[in-house]
Amino acid sequence: MTPARRARWTEALVTTPSLAWLLVFFVVPTVIIFAITFKPVDLYGGIGKGWTLDTLKSLFNPNYPAIVWRTVWLSLATTAVCLILAVPCGYYVARSSDRWRQMLLLLIILPFWTSFLVRVFAWKVLLHPEGPLKHALAAVGLIGPDTLLLYNEKAILLVMVYTFLPFAILPIYAAAEKFDFRLLEAARDLGARPLRAFWSVFVPGIRRGLLTAVLVVFIPALGSYVIPDIVGGPNSEMIGNKIAQRTFSDRNLPHASGLSAFLTLGVLLPLLLVLALQRKKGEEAPSMQEVS
Amino acid sequence: MDDFLVFENVSKSFGKVRAAADVSLTIRRGEFFSLLGPSGCGKTTLLRILAGFESPDSGRVLLNGRDITQLAPNERKVNTIFQSYALFPHLTVAQNIAFGPQIAGWPRAQIREEVDKMLHLVQLTDQAHKRPDLLSGGQKQRVAIARALINKPQVLLLDEPLAALDLKLRQRMLIELDLIHDEVGITFVYVTHDQGEAMSLSDRIAVMDKGRIEQIGTPAQIYEAPRTSFVAAFIGDTNFFEGQVVELLGGDYSRLTVEGFPSVECFNDNKLNVGDLVYLSIRPEKFRISRERPEPAPHVNAVQGRVADVIYLGSLTKYWVRVQDYRIAVWRPASRFLLDENPITWNDEVWISWHGDDSFMLERYSESDEKLMEAPPEQVGDPNGHGAAKP
Ligand SMILES: Nc1ncnc2c1ncn2[C@@H]1O[C@H](COP(=O)(O)OP(=O)(O)OP(=O)(O)O)[C@@H](O)[C@H]1O
Ligand SMILES: [Mg+2]
């Protein structure tokens, strides 16, 4: 065997397990979901025989555009707020002394020790019309007695930011830790004020971490349904809620699959576009490891 | 004297480490000034205080008569070449160089023009659109120089700028640095632990040890008239002998005893007195080596020994001569090789001799060393008027 062929064999051997994993747990389920969209419903909430375009037509529901729009802007806003908070946090953690840094990282990961569901319910208690926060704010006069902290889009945004912030901080911290902070001194030396140096040297320096943070916040945010379900109201549904509703209450799996397929395409297309653009600019695309 | 850049009693400690201990020095406009000393002696700390990255615990820094001690780095007309170069990896060479002017808000056309000029100065015009990570060490170095110089700083700080380069490149960059200094006429403050670099580039050198300035002077002053044994040992090679002053002779000479030597006459410009314990320092190239006893002459000392080692280096032959328990290093230029029908080799009996002007004495007691160090260095003694070689 020539060395080149052997190298190719080694590469194939090494990559096969991860390719198989992707195939079994990502590609196959996605294809199944896309396929179910074109199946009829049977009487018992299962999947019927044959093929149909009815579900596809029913996706053009006049209520959906508002829900799609809300899903998109809430996800974008969550991503933006998370980034704005995570960049200084990542910077601060990366610059801390070793012991303090361990401590801070522990604090960032600490929420994961409690069930996600419990934490969201805790927010519900906190924001409840009879809850402590409401009373405190009303007593100080910051909000009127009738203002609702819960059951609206703002509550969803708040809890989504709370939930996804650690996922944004960690990749940004990882990038910041590799950042050469002497570059900031160089920028100061060349006349930049602290904020300017931060913006034109540190932020570009961690751009891979930023991209990863955007992906790991924005994509799950698009698909979230527990948060809007618990802290949102009847007028703040997201796509995730609709998918859950079609699956569990309506027992209409093809419709739920259709919505899921739509969401998947909505995530994949921009992602592929970003990756293609990056490749064109001659930059290395973020590896799957960093994304997931 | 022109007081362009002044350190006034600057001290700085990191915990228990004294990185700068009451440093006072004055740098002249346009000068190439080096801070030279072993690793950890506080050179970088002084430079960082000057750039504004550290603030001194006490003391002041004056630039052009203005107190800049409290100014932020971006408010000082001082630019640094970092040892790691610290080029911005996300910007091209040209963008790196344009960074300072962009922050300062120069007009676009002017930026382009000046960047082109700088690229030309450092001969990187054809690399202008590359990212720094594609450049060689020497090229990165030149980008760093251009990026600093484009801002027309009043002082350029260089922190061991050549340390990361291999020997050949280092020698070329040395010459380039020298040319650039002549061309731009800016004051350079150059940090290095390499005495060769400091000697070949500098107008003046400050030799540092443990946060203190040991001596300030021209390369020749520091080499020929080191004020402390530290400086003598750190700069160049030297032979040290322990001795004691026994008699003051006329014309600034003293007689001293060195164990195993006949009486020795040495130039005494450090005002040492009879009974003082001293180090006698003689640099290897100051010796003459011969088979016959040299003709006695005033102030010439001679001692007999046996050659213990010879290394022939072409331009130079190095001998180690055993005299009693000493192994004395003697360098001899090879200019007379062809005339030398019977060259000196291993195990030969030889005489080595030197003129009293070419050796110097340093007080042996650390207390007096301390005294010498605490006085403002430029007032201690007078290195001029010394009989040794002048530049
Ligand atoms: N930020 C800091 N924190 C703690 N100690 C420091 C700091 N900076 C410097 N020191 C200490 O101060 C002393 C002087 O350091 P400095 O970097 O000025 O030395 P240097 O002469 O530049 O040495 P080198 O040739 O190794 O670069 C050293 O002992 C160093 O450990
Ligand atoms: Mg240093």
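The model shown is predicted, which means the values in this text are computed figures rather than measured ones. Just so it is clear, the values below take in all heavy atoms, side chains as well, and ignore hydrogens, waters and symmetry mates. Every chain is numbered from 1 and lettered A, B, ... according to where its sequence line falls, protein lines coming before strand lines.
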> Top residue by heavy-atom pair count (under 4.5 Å) with chain B, among A:Val201, A:Asp180, A:Asp189?
Replying inline: A:Asp189
Please output the side-chain donor-acceptor pairs of residues 100-114 of chain B that fall under 3.5 Å, not counting sequence neighbours, one pair per line with the distance.
residue  : atom : partner  : partner atom : Å
B:Glu114 : OE1  : B:Lys152 : NZ           : 3.3
B:Glu114 : OE2  : B:Lys117 : NZ           : 3.3

> For A:Ala197, is it the side chain, the backbone, both, or neither that has a heavy atom closer than 4.5 Å to a heavy atom of chain B?
Replying inline: neither
>> So A:Val87 and A:Leu210, do their side chains get closer than 4.5 Å, heavy atoms only?
In response: yes
> Is B:Arg131 salt-bridged to B:Asp133, going by a charged N under 4.0 Å from an acidic O?
Replying inline: no
>> Between B:Glu160 and B:Tyr190, is there a side-chain donor-acceptor contact under 3.5 Å, judged purely by atom types and distance?
In response: no
>> I'd like to know if the side chain of B:His129 reaches the main chain of B:Ala94, judged simply by a donor and an acceptor atom lying under 3.5 Å from each other, with no hydrogens or angles considered.
In response: no
> Of the backbone (N, CA, C, O) and the side chain (C-beta and beyond), which part of B:Asn79 lies under 4.5 Å from a heavy atom of chain A, both, or neither?
Replying inline: both
>> Taking side chain as everything from C-beta outward and backbone as N, CA, C, O, which of these in B:Leu87 sits under 4.5 Å from a heavy atom of chain A? Side chain, backbone, both or neither.
In response: backbone
>> Which residues in residues 42-54 of chain B have any heavy atom closer than 4.5 Å to a heavy atom of chain A?
In response: B:Arg48, B:Ala51, B:Phe53
> So, do A:Phe179 and A:Tyr91 have ring centers that fall under 6.0 Å from each other?
Replying inline: no
>> As an exercise: rank B:Pro153, B:Ala72, B:Ser84 by heavy-atom pairs under 4.5 Å with chain A and give me the winner.
In response: B:Ser84
> Any donor-acceptor pair under 3.5 Å linking the side chain of B:Ser202 with the backbone of B:Phe33?
Replying inline: no
> Relative to chain B, which segment of A:Arg196 carries a heavy atom at a distance below 4.5 Å: side chain, backbone, both, or neither?
Replying inline: side chain
> Between the side chain of B:Asp67 and the main-chain N/O of B:Leu62, is any donor-acceptor distance below 3.5 Å?
Replying inline: no
>> For the backbone of B:Gly30 and the side chain of B:Thr187, can you confirm whether one donor and one acceptor N or O come within less than 3.5 Å of each other?
In response: yes
> What option among A:Gly205, A:Ser200, A:Ala192 has the most heavy-atom pairs under 4.5 Å with chain B?
Replying inline: A:Ala192
